[in-house]
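The structure under discussion appears below in the form of structure tokens.
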Amino acid sequence: MPELPEVEVTRLSFADRIQDSEILGAELGKPLRWPLGLDPQALVGRRVLSVRRRGKYLLIDLDRGMLLLHLGMSGSLGFSARVGPPGVHDHFDLVTTRGVLRLNDPRRFGAVVHAHGENDPVAVKLLGALGVEPLGETFDAKAFHAALKLRRTAIKQVLLSGDVVVGVGNIYASEALFLAGIRPTTAAWRLTRPRADRLREAIRDVLARAVSRGGSTLRDFSNAHGESGYFQLEAMVYDRAGEPCRTCATPIRLLRQGQRSTYYCPVCQKP
DNA sequence: AAAAGCCCCTGGATGC
DNA sequence: TGCATCCAGGGGCTTT
């Protein structure tokens, strides 16, 4: 599911509610991507200070240490005052004085990891090489263009890699490239400064708009209250192969890049 | 160092 | 109805 907008929508939907709670316990279900790295009992008594986001990771700051959560491809979080017994795909419960945070993740590509802090080797390994936050002040146009100059591969691949800019996944990479009028196969280093600037604006625009629509719900995404997102209804190209471009009516094309589907308009997007 | 492939896992859609 | 195949919002790890 989740790219930056879905992770951010999830964060916004429970951060206030879990803040200042005290952890009463944690329950682990089937193994996720990595072990928790801690006896769940050791979380008892910890206080939740805040919930932040870095790329597609959620960071739950505790009064001692932190939890790093990733939703993988199919993860979603729910937060409610009381919960029933875990379902087959519920693999993590964080029980607090203010409610239970529950991770549902059928494919189990997601993760919940404990770190002592941001300098903990575990945290450094997961967060250390990440690119800039696209919605932050540090997403600088000149630096973005300079970073693209160093990459010989297709711009779509660079966006997905997350080491130049974070949070752009398969849906929003296609969407941003459409908005910027750039063919996904264009080599990153060939982009002129004006085109890079336009791409930067498109990334910020599409991600911010997707957050405001509650993210994209293609099959199973929902926020921590169980509410779906609606951005998919206004997608210009993603999942629209063969359908008419909303700008010029040319059929949208589908191609494979690095075993992922890419959608684009051959007329509106220039090489 | 960058780039390309390979996996991890389950479920839904499609085709025979 | 049954079974095989392909595809899916990610990304770390290994190999070139």
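- Note: A/Tyr264 and A/Phe178 fail the aromatic proximity criterion, with ring centroids not under 6.0 Å apart.
- For C/dG10, the base is stacked against the aromatic ring of A/Phe109, per a cut-off of 5.5 Å between centres and 30° between planes.
- Checking C/dG10, C/dA8, B/dG5 against the side-chain heavy atoms of A/Asn170 singles out C/dG10 as nearest.
- Closest to the A/Arg33 side chain, of the nucleotides C/dG11, C/dA8, C/dC13, is C/dG11.
- Counting distance only, with no hydrogens placed and no angle test, the side-chain atoms of A/Arg108 and the base atoms of B/dC9 include no donor-acceptor pair under 3.5 Å.
- Out of B/dC9, C/dG10, B/dC6, the shortest distance to the side chain of A/Arg107 is found at B/dC9.
- The CZ atom of A/Arg256 sits 13 Å away from the P atom of B/dC6 (whole-angstrom rounding).
- Between A/Tyr263 and A/Tyr238, the angle of the ring planes goes over 60°, which puts this pair in the perpendicular group of the 30/60° scheme.
- Across the protein-nucleic acid pair, A/Asp220 atom CG and B/dG12 atom C1' stand 11 Å apart, rounded to whole Å.
- A heavy atom closer than 4.0 Å to some atom of DNA chain B occurs in A/Arg151, A/Arg152, A/Thr153, these being the qualifying members of residues 140-156 of chain A.
- Scanning DNA chain C for stems, defined as runs of 3 or more consecutive Watson-Crick or G-U wobble pairs whose donor-acceptor distances all fall under 3.5 Å, gives the following ranges: B:2-8 with C:10-16, B:10-16 with C:2-8.
- Checking the phosphate oxygens (OP1, OP2) of C/dG12, no side-chain nitrogen or oxygen of A/Lys125 falls inside 4.0 Å.
- Within the 3.5 Å criterion, the main-chain N or O of A/Ser216 finds a donor-acceptor partner in the side chain of A/Glu6.
- Atom CZ of A/Arg260 is separated from atom P of C/dC6 by 18 Å (rounded to the nearest Å).
- For the side chain to side chain contact (heavy atoms under 4.5 Å, CB included) with A/Val112, the lone residue among A/Leu69, A/Leu28, A/Asp105, A/Leu38 that qualifies is A/Leu69.
- Between B/dC9 and A/Lys30, no contact under 4.0 Å exists linking OP1 or OP2 to a side-chain N or O.
- In this structure, A/His70 reaches the C/dG11 phosphate: one of its side-chain N or O atoms is under 4.0 Å from OP1 or OP2.
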Could you go step by step and tell me if A/Arg54 and A/Glu133 meet the salt bridge (charged side-chain N to carboxylate O under 4.0 Å, His left out) rule?
CA-CA 7 Å; A/Arg54 178 73 178 99; A/Glu133 285 292 330; 2.9 Å; yes
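- To the nearest angstrom, C1' of B/dA13 lies 15 Å from CG of A/Leu218.
- Residue-level contact check: A/Ser261 touches the backbone only, with heavy atoms under 4.0 Å from sugar-phosphate atoms and none from bases.
- With respect to A/Val48, the side chain to side chain contact (heavy atoms under 4.5 Å, CB included) criterion is satisfied by exactly one of A/Asp20, A/Leu67, A/Asp63, A/Ile18: A/Ile18.
- Heavy atoms of A/Gly169 sit under 4.0 angstrom from primed sugar atoms or phosphate atoms, though from no base atom.
- Between A/Gln259 atom CD and C/dC7 atom C1' the separation is 12 Å, expressed in whole Å.
- Using a 4.0 Å heavy-atom criterion, one finds that A/Phe231 contacts no nucleic acid atom at all.
- Nucleotide B/dC9 holds its P atom 12 Å from the NE2 atom of A/His91, rounded to whole Å.
- When heavy atoms are screened at a 4.0 angstrom cut-off, A/Tyr238 is found touching the sugar-phosphate backbone but no base atom.
- For CZ of A/Arg193, the number of neighbouring non-hydrogen atoms (other residues, nucleotides, ligands) closer than 6.0 Å is greater than 12.
- Rounded to whole angstrom, the span from the CZ atom of A/Phe221 across to the C1' atom of C/dA8 amounts to 16 Å.
- Among the heavy atoms of the strands lying under 4.0 Å from A/Trp34 are primed sugar atoms or P, OP1, OP2 only; no base atom is included.
- Between A/Leu103 atom CG and C/dG10 atom C1' the separation is 14 Å, expressed in whole Å.
- Rounded to whole Å, the P atom of B/dG5 lies 16 Å from the corresponding atom of C/dC7.
- A salt bridge does not link A/Arg107 with A/Asp220: none of the charged nitrogens is closer than 4.0 Å to a carboxylate oxygen.
- In terms of heavy atoms, A/Ala123 sits closest to A/Glu118 at CB-O, 3.8 Å.
- Checking side-chain atoms of A/Arg198 against main-chain N and O of A/Ala180 turns up a donor-acceptor pair under 3.5 Å.
- Across C/dA8, C/dG11, B/dT10, the shortest atom-to-atom separation from the side chain of A/His89 is found for B/dT10.
- Place A/Arg219 and A/Val158 on DNA chain B by their nearest nucleotides, and A/Val158 ends up nearer the 5' end.
- Within 6.0 Å of atom CZ in A/Arg98, more than 12 heavy atoms from other residues, nucleotides or ligands are found, so the atom counts as buried in its surroundings.
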